[in-house]
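These notes are about the structure you will find just below.
Here is how names work: the chains are called A, B, and so on, in the same order as the sequence lines, proteins then strands, and each is numbered from 1.
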Protein chains: 2
Amino acid sequence: MRGLMQDRPLLISQLLSFAGTYHAEREIVSRTVEGPIHRHTYADMERRSKQLANALKRLGTSAGDCIGTLAWNGYRHLEIWYAVSGSGMVCHTINPRLFPEQIRYIVNHADDRYIFVDLTFVGLMEKLEAEMPGVKGFVIMTDRAHMPQTSLKNVICYEELIAAESADFEWPEFDENTASSLCYTSGTTGNPKGVLYSHRSTVIHSMMANQPDALGLGSRDVVLPVVPMFHANAWSIPYGALMCGAKLVMPGPNMDGASIYELLETEGVTFTAAVPTVWLMLLQYLEREGKTLSALKRVVIGGSAAPRAMIETFQRKYGAQVVHAWGMTETSPLGTLGQLKAGMETMSEDEQITVQCKQGRAIFGIEMKITDDAGKELPRDGKAFGNLKVRGPWVVGSYLKGEGGQVLDAGGWFDTGDVATLDPAGYMQITDRSKDVIKSGGEWISSIDLENAAVGHPGVAEAAVIGIVHPKWDERPLLIIVRKPGSNVGRDEVLDFLKDKIAKWWMPDDVAFVDELPHTATGKLLKTKLREDFRDYKLPTA
Amino acid sequence: MRGLMQDRPLLISQLLSFAGTYHAEREIVSRTVEGPIHRHTYADMERRSKQLANALKRLGTSAGDCIGTLAWNGYRHLEIWYAVSGSGMVCHTINPRLFPEQIRYIVNHADDRYIFVDLTFVGLMEKLEAEMPGVKGFVIMTDRAHMPQTSLKNVICYEELIAAESADFEWPEFDENTASSLCYTSGTTGNPKGVLYSHRSTVIHSMMANQPDALGLGSRDVVLPVVPMFHANAWSIPYGALMCGAKLVMPGPNMDGASIYELLETEGVTFTAAVPTVWLMLLQYLEREGKTLSALKRVVIGGSAAPRAMIETFQRKYGAQVVHAWGMTETSPLGTLGQLKAGMETMSEDEQITVQCKQGRAIFGIEMKITDDAGKELPRDGKAFGNLKVRGPWVVGSYLKGEGGQVLDAGGWFDTGDVATLDPAGYMQITDRSKDVIKSGGEWISSIDLENAAVGHPGVAEAAVIGIVHPKWDERPLLIIVRKPGSNVGRDEVLDFLKDKIAKWWMPDDVAFVDELPHTATGKLLKTKLREDFRDYKLPTA
């Protein structure tokens, strides 16, 4: 028997209508690529997004078309998100940090019809234009006065494009499973793969993201997503803010400490989110300048593991509560968030921070388990670590155009490629990537734990651990080190340093020294390259 | 183009699995009908709900069957909710405050197969059993020691029923549009009508209910729903608490001030919700006993309008923030909530409370407008009042078995039957029921405003205003008054008292005095009866 409630689809355009109606005067403050701070309101955004929707129609685009963006977080990028998805088209946020050949690949793979480009990236597009024949035009996200000289053909000025249009537009209604947006994984192996979000997945994800145990966004919040809109939907913040009417502060291209600090203070930001690198820059700036944070209440740290010292500094020195989060492009991205549970308020601050160093608890909607390689579920005891698998309405079902084949198992679970523990309280901790974990005699050794231990040595600048084939144990760890300038630390000293920090059987079988380690476009350690470089390496124990 | 995210249904059983996994040790504390306080955990609840699901199977029930409950808020009632809906059946929460003939009607109309009954209501079922031939048995919600002597046939003891079963049960997966639960309107005219919720509507509604701008429930909250589970899903609290892992405190049958106070204090309740009558009892108790509230942070008041003095007393005297809310069985029920918006923190306390006296702002997901009788949308200026219409995924689409016919207009809007204003900030205020508003010469007069003004007179115990046919103005207001004991206030004195309180043309054309006013089973003024009684009344102005 079916329920008899209204059959209303969940659509992204409803977020904009809601904000435009109930929070019409609430501000969106953007640092622009052109320089000045720009201020307008949700009412303005609604009007301009409708103008843009009319413009897109006039450009000849239609439902299902992909529209690319190469842009920082700003009010125009927001308008594009809502106008494109709201019109039934797919907003493809291109990560400008990908290698140019990857950008060319994904633009062609997604079949982008138009690309909206911030001034910053016009040069990049000029270089690639000839190899992206499907792109019919480039909309430069600026006004006439700031239009650049460019070799790009069919260039359109954003402000002129929308100024020519009426704000009279009715958002179409359609199936909530319609594709809304597209984001490619940065992909350490092979070509990037596209994750195609739907209106349903996006709205449901945002509903859960706003809850007190997740980001906790409300209308009185002032929200600064430093995490870019091309990085997994800026963790849902540009949706969640409209869902509740929070003031939005957009950092534009400037993510240095001074720029972020200025916005935090002058706009009274209560909530912000970014990767550890950004927070490192901010904390260094605060320290150097002797500044304090007056309004900030909550900082989300995700994208990679938050160092303990960072959590401590934000909370103890600056009075901002840290929420450590984990997710991935494939999970929209929110999977777990490190809000403390009831009862933990009586823990010591140190114990609380130990909990916060884990990646957090799953929010409702995300089912999560860890398994061994045979798919057997492992205990949630905080010790066993296994392949982290997730399932839920905002988790990827398959990649665009079927790349990578069937990515769910028979039970519908997606293997995240992470290796993690789950503790009895529900907190998850990433211990490795599954392709990097070292499988020694049937037991698993975390390459990340070994790396973290090794970089504790004062002479070590960077460390990587990979598995090397071993006749008896299948694999054994090799520690690869970049020395700090001036250091001449050697093999035995490093191994000796590790002795009381790791399990005995985790001890690397050898140490290699290199001048630098390979990284991906987005700064991740490129272990595939390392494994290739060390393919023929012979361990002394072999 | 469809998105490529996982096609996972939103199901109520997932809430229980989530709470059982991530908040296994979190408590559910219930005042029992038998007397003592009962304590157990979400892990216990999950286990027992699965036992009950197995028991329901053994009783021969199957997907789509309706299972009735006549019960207070308690742990067994919770288990029944989740086991019944989780199994794909429909949990029909029967409001024991309906007249017995209404209960008989809805049990038969819904075709309830079994009824789960608290000890309180065994006598009521005995009286009705013969007229409810479709009911195959009655499960008494107690243990063997407390089983009553009863004339009911096929009586089952709840604790024995589940003790016989294994806790090994896999919640089935099915379409999220499957019916989950059923609640009848109390209905001032005609028979009660059934609102049939779906898993989808219930889960989405709870997702929005938990947001900071709505109920704001998080894992560290301790939540006491005084509002009964048979009253529009207890405003989603028994779902929302599991969605975040809040501790649940259930009041059982005792809603008097002393009982509620005891739970608030001994359990450290941070959040509670009920109708004004309950809060009146609590506030009187606090006043009488000179007590304070030590843990309570937020009080939701809904079901009928919260008096200003009640809001003031909770906030000023007891330090608990009031959230005034509006909704109805047909809206799951949450429609609007009176959280203050950004900027309002600089208002004076009096101005803030004036905002809070309105019924609140719509939450995302609820579209809302006011229209005149021709369906034309009226301005959101806080002055114009019109028929309040709503639309959204947790709003009724049609009543069970098509009762009442087509209830949505061509645009999919549901007419709430309320008359309201919407102000520019988005706050809605109920001014009347649409069938009670007096239409005088094309203009509308709020019967509620007149009644509120009239009861301000010290000699007036209760007041009702109805429209009486008038040859020139179509309708004019008649004020009907119940005097306070000992009062002999007369017509002219009352009208004189109203002079500076209402618009001149709103002045009632006459005053009638009666000994008592008619009410519905749930205590609402029964104006249909009044209109009948005064059908032939001649106004002096006619």
Side-chain angles (χ1 to χ4, degrees), chain A residues 1-8 10 14-15 18 21-23 26 64 90 175 177-180 195-201 204 207-208 210-213 216-220 243-245 247 332 339-342 345 361-362 364 367 391-400 408 412 414 426, chain B residues 1-8 10 14-15 17-18 21-23 26 64 90 175 177-180 195-201 204 207-208 210-213 216-220 243-245 247 332 339-342 345 361-362 364 391-400 408 412 414 426:
Chain A
M1 182 159 55
R2 278 175 72 94
L4 295 172
M5 306 309 279
Q6 293 187 7
D7 186 18
R8 299 283 307 159
L10 300 171
Q14 293 159 352
L15 293 166
F18 177 80
T21 302
Y22 290 97
H23 303 279
R26 197 76 168 131
V90 178
D175 185 329
N177 290 298
T178 302
S180 62
V195 179
L196 190 64
Y197 308 102
S198 68
H199 287 259
R200 171 184 167 89
S201 73
I204 291 177
M207 285 177 164
M208 284 310 304
N210 273 14
Q211 299 222 350
D213 267 47
L217 302 189
S219 61
R220 282 163 290 185
M243 184 175 277
C244 68
K247 172 174 161 182
S332 293
Q339 299 272 9
L340 294 178
K341 290 172 77 170
E345 61 276 4
R361 293 179 278 121
F364 173 76
E367 293 175 273
R391 194 165 72 165
W394 59 87
V395 177
V396 71
S398 59
Y399 291 106
L400 186 61
L408 307 186
F414 174 74
Chain B
M1 182 159 55
R2 278 176 72 94
L4 295 171
M5 306 309 279
Q6 293 187 6
D7 186 19
R8 299 285 306 160
L10 300 172
Q14 293 158 352
L15 293 166
S17 302
F18 177 79
T21 303
Y22 290 98
H23 302 279
R26 197 76 167 131
V90 178
D175 185 328
N177 291 298
T178 302
S180 63
V195 179
L196 190 64
Y197 308 102
S198 67
H199 287 259
R200 171 184 167 90
S201 73
I204 291 178
M207 284 177 165
M208 285 310 303
N210 273 14
Q211 299 222 351
D213 268 46
L217 302 188
S219 61
R220 281 163 292 184
M243 185 176 276
C244 69
K247 172 175 161 181
S332 292
Q339 299 272 8
L340 295 178
K341 289 172 77 170
E345 60 277 4
R361 294 179 276 122
F364 172 76
R391 194 165 72 166
W394 59 86
V395 177
V396 71
S398 59
Y399 292 105
L400 187 62
L408 306 186
F414 173 74

Item checked: chain B contact via A:Arg391 - side chain, backbone, both or neither, heavy atoms under 4.5 Å -> both
Next item on the list: Check whether any side-chain heavy atom of B:Met243 sits under 4.5 Å from a side-chain heavy atom of A:Met208, and report yes or no.
Entry: yes
Check: Under a 4.5 Å heavy-atom cutoff, which of B:Met207, B:His199, B:Glu345, B:Arg26 has the most pairs with chain A?
Finding: B:Met207
Next item on the list: Rounded to the nearest 0.5 Å, what's the gap from CD1 on B:Ile204 to CZ on B:Phe364? Could you check?
Entry: 9.5 Å
Next item on the list: Report yes or no: does B:Gln6 contribute a side-chain atom to a donor-acceptor pair with the main-chain N or O of A:Val396 at less than 3.5 Å?
Entry: yes
Check: Heavy-atom distance under 4.5 Å to chain A: side chain of B:Asp175, backbone, both or neither?
Finding: side chain
Next item on the list: Describe, in one word, how the ring planes of A:Phe18 and A:His23 are oriented to each other, choosing from parallel (under 30°), tilted (30 to 60°) and perpendicular (over 60°).
Entry: tilted
Margin query: Quick check for you: among A:Cys244, A:Ala179, A:Ala362, which has the greatest number of heavy-atom pairs under 4.5 Å with chain B?
Written below: A:Ala179
Margin query: Just verifying a value: how many Å separate B:Asp7 CG and A:Arg200 CZ, rounded to the nearest 0.5 Å?
Written below: 7.0 Å
Checklist line | chain B contact via A:Leu217 - side chain, backbone, both or neither, heavy atoms under 4.5 Å | finding: backbone
Item checked: Top contributor to chain B contacts, counting heavy-atom pairs under 4.5 Å, from A:Gly426, A:Gly392, A:Gly245 -> A:Gly392
Notebook entry, point to check: Of all of A:Gly412, A:Pro393, A:Ser198, A:Ser180, which one pairs up most often with chain B through heavy atoms under 4.5 Å apart?
Noted result: A:Pro393
Check: For the candidates A:Ser398, A:Ser201, A:Ser332, which exhibits the highest count of non-hydrogen atom pairs separated by less than 4.5 Å from chain B?
Finding: A:Ser398
Next item on the list: Using side chain to side chain contact (heavy atoms under 4.5 Å, CB included) as the criterion, list what pairs up with B:Arg220, not counting sequence neighbours.
Entry: A:Gln339, A:Leu340, A:Ala342
Margin query: Is A:Phe414 close to chain B through its backbone or its side chain, or both, or neither, when contacts mean heavy atoms under 4.5 Å?
Written below: both
Note to self: For chain B, which candidate among A:Thr178, A:Leu400, A:Asn177 shows the most heavy-atom pairs at distances under 4.5 Å?
What the structure shows: A:Asn177
Notebook entry, point to check: Can you check whether B:Ser219's main-chain N or O pairs, donor with acceptor, with A:Asp213's side chain at less than 3.5 Å?
Noted result: yes
Notebook entry, point to check: When only pairs under 4.5 Å are counted, which of A:Val90, A:Val195, A:Leu15 shares the most heavy-atom pairs with chain B?
Noted result: A:Leu15
